[in-house]
Amino acid sequence: RANALRPRLPNITRRFSTVKASLEDDVRQDLNKLYETTPCMPIMVRLAWHDAGTYNATEKTGGANGSIRFNPEKSHGANSGLNIAMDLLQPIKDKYPNMSYADLYQLASVQAIEFSGGPKIPFRMGREDASEADCTPDGRLPDADKGMNHLRDIFYRMGFNDLEITTLSGAHTLGRAHPERSGFDGPWTKIPVVFDNSYYVEILKDEPDPDLLRLTSDLALLDSTETKALCEKYAADQDVFFEDYKVAHQKLSELGCFQ
Ligand code: HEM
């Protein structure tokens, strides 16, 4: 009987993965349609990062589990404004109820980066949604007005290293700060709807562009010789930035998942 079943197994596997791939493709197409009419790519990247960035690698709590959609996490000061991103994604969730919120938030982010001219970030489906009880306490995301010691405390807790802190900070090539959300104001780069290496070019300038934002946490990357050298490398060679970014972002998008 086992032998009789064996030839069928590959077909079953193939059919299952086709279904999964087409759900992902369909959602990607709907995300593209959203981005064509509403250039909300930056806030989607921030939403996914704030959902995942609560991860504690020692405790194995937090991570890319969709818990950001529940209070109290949704109302944490760091998440101010992210209800806009969640509301924009809800019609897509309603259309594809089989996709978890956790997958949808992370897919919205990687698709936003690709849509904006950035790298194609490897993506896996299969994150499980957390329940309300899994909301993490406030204070797990970084403060913008603190330096490298603080960034290390926060990012090392998630399991990242200095290279990954420097690489992921480059996501500030997209979007801007809003006074009513964070108290800060303005974009980091001249074309904040394009994902490129201009974040590093701007923070390295001796004379800052008065129209652009530099947070204390951005400038902190220039404080250590190693992270500054990495900023210079990324500013000089976008392909190197994109290659490192793909790896770091996939890791961020899978914190606490697939274990
Ligand atoms: C926006 C802080 C890392 C992606 C912001 C804002 C602040 C901030 C204060 C402005 C929010 C607003 O007013 O709307 C920080 C700090 C970080 C950090 C202190 C520590 C290194 C990251 C990372 C990512 C990211 C790792 C993604 C991988 C973004 C994006 C925006 C943003 C895309 C723009 C959002 C929009 O335009 O609505 N960040 N961030 N940030 N952050 Fe970060």
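In listed order, ligands and their atoms are each counted from 1. Everything numeric here is computed off the predicted structure, so don't read it as measured data.
Where the criterion is an N or O separation shorter than 3.5 Å, residue side chain and backbone included, Y245 fails it with respect to ligand 1. Residue S217 has no N or O atom closer than 3.5 Å to an N or O atom of ligand 1. Taking any N or O of R176, backbone or side chain, at least one lies under 3.5 Å from an N or O belonging to ligand 1. Ligand 1 has a nitrogen or oxygen under 3.5 angstrom from a nitrogen or oxygen of H172.
Of all protein heavy atoms, the one closest to atom 27 (C) of ligand 1 is A171 CB, 3.3 Å. With hydrogens left out, the protein atom closest to atom 7 (C) of ligand 1 is L215 CD1, 4.2 Å, a heavy atom. Summary of contacts: the protein heavy atom closest to atom 33 (C) of ligand 1 is P42 O, 3.3 Å. Closest protein heavy atom to atom 25 (C) of ligand 1: W49 CD1, 3.3 Å. Taking atom 12 (C) of ligand 1 as the reference point, the nearest protein heavy-atom neighbour is H178 N, 3.4 Å. Looking only at protein heavy atoms, the nearest one to atom 20 (C) of ligand 1 is P142 CG, 3.4 Å.
Ring orientation note: the planes of W188 and H172 are close to parallel, at an angle under 30° on the 30°/60° scale. Using bins of under 30°, 30° to 60° and over 60° for the plane-to-plane angle, the ring pair F241/Y234 lands in the tilted bin.
Annotation: side chain of F195 is not in contact with side chain of M41 (no heavy-atom distance under 4.5 Å). The shortest distance between side-chain heavy atoms of P142 and L151 falls below 4.5 Å. Proximity of D51 to M86: side-chain heavy atoms (C-beta onward) are nowhere separated by under 4.5 Å.
For ligand 1, the atoms sitting less than 4.0 Å from at least one non-hydrogen atom of F155 are 20 (C), 21 (C), numbered in the order shown with element in parentheses. Here is the list of ligand 1 atoms found below 4.0 Å of a heavy atom in D143: 19 (C). For ligand 1 and L174, the ligand atoms under 4.0 Å from any heavy atom of the residue are 33 (C), 34 (C). Under a 4.0 Å criterion applied to the non-hydrogen atoms of G175, ligand 1 contributes the atoms 34 (C), 37 (O). Taking a cut-off of under 4.0 Å to the non-hydrogen atoms of L151, the atoms of ligand 1 that pass are 20 (C), 21 (C). In summary, the atoms of ligand 1 found under 4.0 Å from a heavy atom of S169, numbered by their order in the structure, are 21 (C). Near A177, the atoms of ligand 1 lying under 4.0 angstrom from a non-hydrogen atom of the residue are 10 (C), 12 (C), 13 (O).
Salt bridge E202/K205: present, at least one basic N to carboxylate O contact under 4.0 Å. A salt bridge between D223 and K228 is absent, with no side-chain N of the basic residue lying under 4.0 Å from a carboxylate O of the acidic one. A salt bridge does not link E254 to K251: none of the charged nitrogens lies less than 4.0 Å from a carboxylate oxygen. At a threshold of 4.0 Å, the pair D185-R176 counts as salt-bridged, since one of the basic side-chain nitrogens sits closer than that to a carboxylate oxygen.
With atom 11 (C) of ligand 1 as the reference point, the heavy atom nearest to it among E180, R46, H249 is part of R46.
For the pair F160 and L255, the tightest heavy-atom approach, listed with the atom from each and the gap, is CE1-CD1, 3.9 Å.
The number of heavy atoms from other shown groups lying within 6.0 Å of CG (L163) is above 12.
Cation-pi geometry between R127 and F258 is not satisfied (NZ or CZ under 6.0 Å from the ring centre, within 45° of the ring normal).
The part of W188 lying near ligand 1 is the side chain, judged by heavy-atom distances below 4.0 Å.
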